[in-house]
Amino acid sequence: RSESARKAEDETMRYFAYSDYMKRKYGRKVYKLPVNLPASCPNREAGLSGCSFCGAAGAGFENLSSELLVGEQLRRNMEYIGRRYGADLFCAYFQNFTNTYLPLETLSAALEEALRFPEVVEVCISTRPDCVSDAYLERISKICGGCGKNAVLELGLQSVSHRTLQKIGRGHSLAEFIDAVLRSRRFGIEVCVHLILNLPWDDDSDAEEAAKILTALGVQQVKLHSLYIEKGTELCRQYEAGEFQLISDEEYVRRVIRFLRLLSPEISVQRLVSRAPEENTVFCNWGKSWWKIRDRIEEIMEQEDLRQGDRCD
């Protein structure tokens, strides 16, 4: 597209959606396909119970079994998504738990298997900030660079407050996150940051500070989550015992907008609201459909003429 067409499109955008980011990158829509590896997490081992919000399945609600080969998972998902949406470009998303906690050779073989598919144009690798080493980054960069494809590290930060990170048992601080971003940059690997904007120990100023930090670090993507409370977790126990209170949905909407206004307009936004199966949770999105909350965010930004980055300086 011409530069004038792109500028005209930018003027209608309230925030830089991930779908638009990928269209600019590859010329058309790219669909993410979850890949489930038999990964774990250092925060769930050595007698630790893991993060207080993390359930037994991690984030893999929609994943196929990790017992299936990577190629088989991708073939099944490509067939389904391709038939449903007419898709022909894909991102292999190694979604669940801490993939760089796997043995290096195991992860390498999985990446190589995914990248053999010509339809797979990039890989996204979910991990923790304290499990990012030069050895893994160098291998990821070499594998992807060898076939001319892109790699994205999806880093779970959740909060920039060290007190909140301690409360939820994350096992790392903001420092490890900053280090992981800087290391990734040296190897030419993009970064997507995951944040939960309504953790009960955070407030609006924490959300604003998060936007400033991500902007200063120059990350490429962010994925915002509204907190859902899964059954059987430590967070569930605390919630049912009345140990904390959650902000309202309208307060969440306003907090997301405050975050977006301070976020660089060059950072793409993968998601504004979480999605989780109702049967697995005791709280999720205030009993509303996720898209209603997303639509409310967009409605207010339109009504008040607000945009991502309009307070970013």
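FYI, side chains are in, hydrogens and waters are out, and symmetry mates aren't considered; it's all heavy atoms of this structure.
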- Item | For Arg183, the option from Val191, Ile189, Leu153, Asp134 that meets side chain to side chain contact (heavy atoms under 4.5 Å, CB included) | Asp134
- Mark yes or no for whether Ser108, through its side chain, and Leu104, through its backbone, hold a donor-acceptor pair below 3.5 Å. yes
- Rounding to 0.5 Å, atoms CG (Leu260) and CZ (Arg14) come to a distance of 12.0 Å
- Message: Just to verify, what does Glu278 make a side-chain contact (heavy atoms from CB on, under 4.5 Å) with, not counting sequence neighbours?
- Response: none
- Query: Do Ser173 and Glu176 have a side chain donor and acceptor closer than 3.5 Å?
  - Reply: yes
- Could you tell me which non-hydrogen atom of Ile267 sits nearest to which non-hydrogen atom of Leu214, and how far apart they are? CD1-O, 3.8 Å
- Residues Asp88, Arg28: salt bridge by 4.0 Å N-O rule: yes
- OG1 of Thr233 to OH of Tyr239, rounded to nearest 0.5 Å, is 11.5 Å
- Query: Do His162 and Leu174 touch side chain to side chain, with heavy atoms closer than 4.5 Å?
  - Reply: no
- Excluding sequence neighbours, so at least two apart, what forms ring pair (Phe, Tyr, Trp, His ring centres under 6.0 Å) with Trp286? Tyr252, Phe283
- Query: Is Glu243 salt-bridged to Lys167, going by a charged N under 4.0 Å from an acidic O?
  - Reply: no
- Lys/Arg N to Asp/Glu carboxylate O, Glu208 vs Arg255, below 4.0 Å: no
- Task: Verify whether one side chain among Ser264 and Thr215 offers a donor that lies under 3.5 Å from an acceptor in the other.
- Result: no
- The reported gap from CD in Glu250 to CD1 in Ile247 (rounded to nearest 0.5 angstrom) is 10.5 Å
- Message: Donor-acceptor pair, distance only, cut-off 3.5 Å: does the side chain of Arg261 make one with the backbone of Cys312?
- Response: no
- Message: Any side-chain to backbone donor/acceptor pair from Ser141 onto Glu138? Under 3.5 Å, distance only.
- Response: no
- Indicate if Ile143 and Leu107 have the same hydrophobic cluster label, given that clusters are the connected sets of ILVMFWY residues with side-chain heavy-atom separations under 4.5 angstrom. yes
- Message: Ignoring hydrogens and geometry beyond distance, is a side-chain donor-acceptor pair present between Arg84 and Tyr80 at under 3.5 Å?
- Response: yes
- Query: Arg128 and Thr98: side-chain donor and acceptor closer than 3.5 Å?
  - Reply: no
- Message: Has Gln73 got a side-chain atom pairing as donor or acceptor with Leu68's backbone, closer than 3.5 angstrom?
- Response: yes
- Should we count NZ of Lys142 as having more than 12 external heavy atoms under 6.0 Å? no
- Query: How about Arg83: does its CZ atom have over 12 heavy atoms from other parts shown lying under 6.0 Å from it?
  - Reply: yes
- Could you tell me whether Gln245 atom CD has more than 12 heavy atoms of other residues or ligands within 6.0 Å of it? no
- Closest heavy-atom pair, Ala151 versus Cys144, reported as atoms and distance to 0.1 Å, is CB-SG, 3.6 Å
- Report the distance from atom SG of Cys124 to atom CG of Asn99, rounding to the nearest 0.5 Å. 11.0 Å
- Note on the structure: So side-chain hydrogen bond (donor to acceptor under 3.5 Å, both in side chains) across residues 190-202, not counting sequence neighbours, yields Tyr21-Glu190, Lys25-Glu190, Asn150-Glu190, Glu154-His194, Ser159-Asp202, Thr164-Asp202, Glu190-Gln221, His194-His225
- Task: Mind listing the closest non-hydrogen atom pair of Phe94 and Ala114 along with its distance?
- Result: CZ-CB, 4.0 Å
- Heavy-atom donor-acceptor pair, Asn285 side chain to Ser274 backbone, under 3.5 Å: yes
- Taking every heavy atom of Phe117 against every heavy atom of Gly71, the minimum-distance pair comes out as CZ-O, 3.6 Å
- Distance-only side-chain donor-acceptor flag, Gln270 / Lys32, under 3.5 Å: yes
- Message: Looking at Glu251, is its backbone amide N or carbonyl O close enough to the side chain of Ser248 to form a donor-acceptor pair, meaning the two atoms are under 3.5 Å apart?
- Response: yes
- Message: Quick check for you: to the nearest 0.5 Å, what is the distance between Thr127 atom OG1 and Phe97 atom CZ?
- Response: 13.0 Å
- Look only at the side chain of Asp305 and the backbone of Glu302, and say whether a donor-acceptor pair between them is shorter than 3.5 Å. no
- Is Arg76 salt-bridged to Glu72, cutoff N-O under 4.0 Å? yes
- Please report the closest heavy-atom contact between Pro200 and Leu227, naming both atoms and the distance. CD-CD2, 4.0 Å
- Item | Rounded distance [0.5 Å steps], OH in Tyr15 versus CE in Met301 | 8.5 Å
- Query: What orientation do Tyr31 and Tyr85 show, parallel under 30°, tilted 30 to 60°, or perpendicular over 60°?
  - Reply: parallel
- Specify the closest pair of heavy atoms between Tyr93 and Ser126, including all atoms of both residues, with the distance to one decimal. CE1-CB, 4.3 Å
- Would you check if the side chain of Asp203 reaches a backbone N or O of Ser205 as a donor-acceptor pair within less than 3.5 Å? yes
- Item | Short side-chain to backbone donor-acceptor contact, Arg294 and Val273, under 3.5 Å | no
- Task: Spell out, as yes or no, whether a donor-acceptor pair under 3.5 Å connects the side chain of Lys223 to the backbone of Val193.
- Result: no
